[in-house]
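We count ligands from 1, going down the list as the structure has it; atoms in each ligand are counted the same way.
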Amino acid sequence: MQMTIRKATAADAAALADLRLGVLTEEGDRYGPDRDVFVEFFSTWISDHQLTHLPFLAEVDGNAVGMAWLMVADRVPDASQRYRGCGDVQTVYVVPDLRDHGIGAALIEAVLVEASGRQLEHVTVHANDRALPFYQRAGFQHDPCWLRWAPVTAIA
Ligand SMILES: CC(C)(COP(=O)(O)OP(=O)(O)OC[C@H]1O[C@@H](n2cnc3c(N)ncnc32)[C@H](O)[C@@H]1OP(=O)(O)O)[C@@H](O)C(=O)NCCC(=O)NCCS
């Protein structure tokens with residue numbers, strides 16, 4: 001099994017869209033539009049967000065089998081530090097048949113190398129219970145200073 005991890009671009013939109021549809025299918029979401037419509041939309045979205053949402057693609061024997069995204073954002077500058085950035089890991093996914101072979105770990109490693117290169121102050125991730133050890137092995141830790149707000153959903 002020959003695995004490679006690389007940065008993806010809008011030219012990889014079809015592969016990224018198929019992986020995204022894999023996530024949605026697994027989560028039980030129904031994704032209204034057909035694949036071609038979604039690929040077209042996703043291709044434009046990736047181009048429009050290329051400065052803020054950096055996709056990484058895992059390939060095995062030339063086939064796209066996983067992805068991870070690093071969202072980067074600017075923080076308000078200091079007087080002495082004009083550039084301050086932070087990141088958020090999003091949409092980490094490996095096709096079910098190839099899980100538990102270290103592909104996800106390799107994707108996260110590539111994301112964190114990019115984050116280090118950009119000197120991001122921190123990188124966050126929203127993990128589900130099953131994936132907690134996966135992120136902790138990569139160096140993520142719980143931080144009691146972080147709070148999350150979400151709108152109160154109306155009770156029907
Ligand atoms: C999370 C995920 C990307 C890991 O990819 P992978 O190639 O299997 O990763 P690795 O082989 O490097 O590591 C395996 C670890 O992934 C985690 N994992 C395995 N199956 C998982 C699943 N179905 N969902 C979430 N995490 C899973 C476990 O922590 C596992 O290690 P452990 O069994 O020792 O606890 C992959 O399981 C996946 O795509 N899951 C579904 C989507 C998801 O949950 N994404 C994370 C959102 S927070």
Original post:
Does an N or O anywhere in Tyr135 fall below 3.5 Å from an N or O of ligand 1?
Top reply: no

Original post:
How about atom 2 (C) of ligand 1: does it have a protein heavy atom within less than 4.0 Å?
Top reply: no

**OP:** Select one of side chain, backbone, both or neither to describe which atoms of Gln136 lie under 4.0 Å from any atom of ligand 1, heavy atoms only.
**Re:** neither

**OP:** Could you list the atoms of ligand 1 found under 4.0 angstrom from a heavy atom of Ala105?
**Re:** 12 (O)

Original post:
Going from CG on Leu16 to OG1 on Thr9, what distance comes out if it is rounded to the nearest 0.5 angstrom?
Top reply: 8.5 Å

Original post:
Taking distance alone, with no angle check, do Glu26 and ligand 1 share an N/O pair under 3.5 Å?
Top reply: no

Original post:
Taking the six-membered ring for Trp, is the centroid-to-centroid distance between His122 and Trp146 below 6.0 Å?
Top reply: yes

Original post:
If you round to the nearest 0.5 Å, how far is NE2 of His53 from CG of Leu70?
Top reply: 9.5 Å

Original post:
Less than 3.5 Å between some nitrogen or oxygen of His126 and one of ligand 1, yes or no?
Top reply: no

**OP:** Return yes when atom CD of Gln81 has more than 12 non-hydrogen atoms of other residues, nucleotides or ligands closer than 6.0 Å, and no otherwise.
**Re:** yes

Original post:
Would you say ligand 1 has an N or O under 3.5 Å from any N or O of Val92?
Top reply: yes

Original post:
Counting each atom of ligand 1 from 1 as listed, which ones have a heavy atom of Asn128 under 4.0 Å away?
Top reply: 25 (C), 43 (C), 44 (O), 47 (C), 48 (S)

Original post:
If you count the atoms of ligand 1 from 1 in the order shown, which ones are under 4.0 Å from a heavy atom of Ile103?
Top reply: 7 (O)

Subject >> Shared hydrophobic cluster, Leu24 / Leu57 (ILVMFWY, side-chain heavy atoms < 4.5 Å) >> reply: yes

Original post:
If you measure every N/O of His101 against every N/O of ligand 1, is any gap under 3.5 Å?
Top reply: yes

Original post:
Does the N or O separation between Val94 and ligand 1 drop below 3.5 Å for any pair?
Top reply: yes

Original post:
Do any nitrogen or oxygen atoms of Gly104 lie less than 3.5 angstrom from nitrogen or oxygen atoms of ligand 1?
Top reply: yes

**OP:** List every atom of ligand 1 that sits less than 4.0 Å from any heavy atom of Ala131, numbering the atoms from 1 in the order shown and giving each element.
**Re:** 25 (C), 26 (N)

